Amino acid sequence: MLKNDILSILKANKDKHISGQELCEMLNVSRTAVWKCINELKSDGYIIESKHKSGYLLMEEPDIIDYMEISPYLKTEFIGRNYLHFESISSTNDYAKEIAPRATDGTAIVAEEQTSGRGRMGRHWVSNKGQGIWLSMILKPNLSPNEAVKLTQVAAVAVVDSIKEIADIRSGIKWPNDIVINSKKVCGILTEMNGEIDRVNFIVIGIGINVNVQNFPEDLCGKATSLSIETGKILDRKPLTASILNNFEKYYRIFLINGFSSIRNLCKEYSLTLNKDVKVIINNNECIGRAVDIDDDGNLIVVFKNGEKKTIASGDVSVRGLLGYV
Ligand code: BT5
């Protein structure tokens, strides 16, 4: 796409003006075509100085996480290579499920804002404009449905690594799908599946990360946080978005080749649930026990007060710490 080519040239030449003539020659297009693209880039939010005789200079880039902005950081082979970006969408997971039958494996859907972001069991997910990463990935692995549910934890490990890499802060996993910093939730993961009893048609993994959110609705105060609140800095969402896709592809490949057991040690190392007393809520019944292990299938092993040891699969239970959220 010509607009993208022009942007790449401007990005690579931030220290000097590039004339319209140079752009025309480099790309073998007309002056009018260049001029049209420059105007489009300006209306996308790029600040481009146009100086008579010397040409164009990229002064400022918008804070958006579209493919042009994240691709310089993207190292993946297939995750996020088909990348659909929206200013506003109801829910990236809903849209992903809608297009999944026709979409390629690894397609990513990213939005600046979600108007009906969802958590598990239809819970609402707050997705403020430009303040987070609201992302869904479509996967089409050759897996059975009971293998697919483990992908939530594969994604969780990737997110913990990316947060460390980009924000330089340690987070942990509240089994099975929350990423937590200082006892508050910074990220939630929602894995949804479409398939038959023995075969997956597609999986959608939704990841919501509070990056630069400064204020939460009252009901989330004390429970939710953002990377910005925790680090005291405004973070660049672009390298973080790419890093999540990069790390996810890395762990996803390991998972597909060697199974969940190859990710298990990291899940245990990053877990904030293990070796803590937890309240397990099954069908409205609360039982208190100690989380002692995560097994090769990603289940949580809990020893209850009466000595009974139970294998807890994600999906059928809610696990809460006894003190606060974790
Ligand atoms: C989750 O559900 O944590 C999964 C969240 C997944 C969100 C992503 S964003 C991209 C994709 N598109 C979607 O529509 N969804 C996915 P759950 O474990 O059910 O937690 C939901 C609960 O987290 C809510 O009931 C609130 O208490 C809390 N919550 C809501 N918004 C939050 C936020 N921005 N940060 C922290 N906690 C939040």
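Please read these numbers as outputs of a predicted model, since none were measured by experiment. One-based numbering, in listed order, for ligands and for the atoms of each. Count residues from 1 along the sequence.
Counting heavy atoms of neighbouring residues, nucleotides and ligands inside a 6.0 Å radius, atom CH2 of Trp35 does not exceed 12 of them. Other residues, nucleotides and ligands contribute more than 12 heavy atoms inside 6.0 Å of the CZ atom of Arg290.
Counting atoms of ligand 1 from 1 in the listed order, those under 4.0 Å from a heavy atom of Arg118 are 5 (C), 6 (C), 7 (C), 13 (C), 14 (O), 15 (N), 16 (C). Short contacts between ligand 1 and Ser136, defined as distances under 4.0 Å to a heavy atom of the residue, involve ligand atoms 11 (C). Residue Asp178 has at least one heavy-atom neighbour below 4.0 Å for each of these atoms of ligand 1: 3 (O), 18 (O). Residue Leu135 has at least one heavy-atom neighbour below 4.0 Å for each of these atoms of ligand 1: 10 (C). The atoms of ligand 1 that sit less than 4.0 Å from any heavy atom of Thr92 are 10 (C), 11 (C), 12 (N). The atoms of ligand 1 that sit less than 4.0 Å from any heavy atom of Gly119 are 1 (C), 2 (O), 4 (C), 5 (C), 19 (O). For ligand 1, the atoms lying closer than 4.0 Å to a non-hydrogen atom of Asn210 are 33 (C), 34 (N), 35 (N), 36 (C). Each of the following atoms of ligand 1 lies closer than 4.0 Å to a heavy atom of Gly117: 14 (O).
Looking at Ile189 against ligand 1, only its backbone comes within 4.0 Å, counting heavy atoms. At a heavy-atom cutoff of 4.0 Å, ligand 1 is contacted by the side chain of Leu220 but not by its backbone. If you look at Val213 next to ligand 1, there are no close heavy atoms at all, none under 4.0 Å. At a heavy-atom cutoff of 4.0 Å, ligand 1 is contacted by no atom of Asp219, backbone or side chain. Only the side chain of Gln114 comes within 4.0 Å of ligand 1, counting heavy atoms alone; its backbone N, CA, C and O stay farther away.
Phe86 contributes atom CZ, which lies 12.0 Å from atom CD of Glu112 (distance to the nearest 0.5 angstrom).
Under 4.0 Å is where a charged nitrogen must lie from a carboxylate oxygen, and between Glu61 and Lys14 at least one such pair does. Between Arg253 and Glu249 a salt bridge is recorded (basic side-chain N to carboxylate O distance below 4.0 Å).
The closest heavy-atom contact to atom 20 (O) of ligand 1, among the options Lys185, Met121, Gln131, Arg120, comes from Lys185.
Here the side chain of Asp44 pairs no donor or acceptor atom with the backbone of Tyr46 at under 3.5 angstrom.
Of the polar atoms of Ser116, none of the N or O atoms is found under 3.5 Å from an N or O of ligand 1, judged by distance alone. The N/O atoms of Val126, backbone and side chain alike, include one that comes under 3.5 Å of an N/O atom in ligand 1.
There is a path of hydrophobic side-chain contacts, each under 4.5 Å, that joins Leu235 to Leu74. Val211 and Ile229 are assigned to two separate hydrophobic clusters, defined by single-linkage of ILVMFWY side chains at heavy-atom distances under 4.5 Å.
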(request) Given salt bridge (Lys or Arg N to Asp or Glu O under 4.0 Å), test Asp293 with Lys268 step by step and report yes or no. (result) CA-CA 8 Å; Asp293 203 0; Lys268 288 175 71 170; 2.9 Å; yes
(request) For side chain to side chain contact (heavy atoms under 4.5 Å, CB included), just list the numbers for Gln214 and Ser228, CA-CA rounded to whole Å, side-chain angles, deciding distance to a tenth of an Å, and then say yes or no. (result) CA-CA 7 Å; Gln214 303 301 333; Ser228 179; 3.0 Å; yes
(request) Apply the test side chain to side chain contact (heavy atoms under 4.5 Å, CB included) to residues Ile207 and Cys187: give CA-CA distance (whole Å), side-chain angles for both, the deciding distance (0.1 Å), then the verdict. (result) CA-CA 7 Å; Ile207 300 177; Cys187 165; 3.8 Å; yes
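In this structure, Ser127 does not count as a contact residue of ligand 1, since none of its heavy atoms falls inside 4.0 Å of the ligand.
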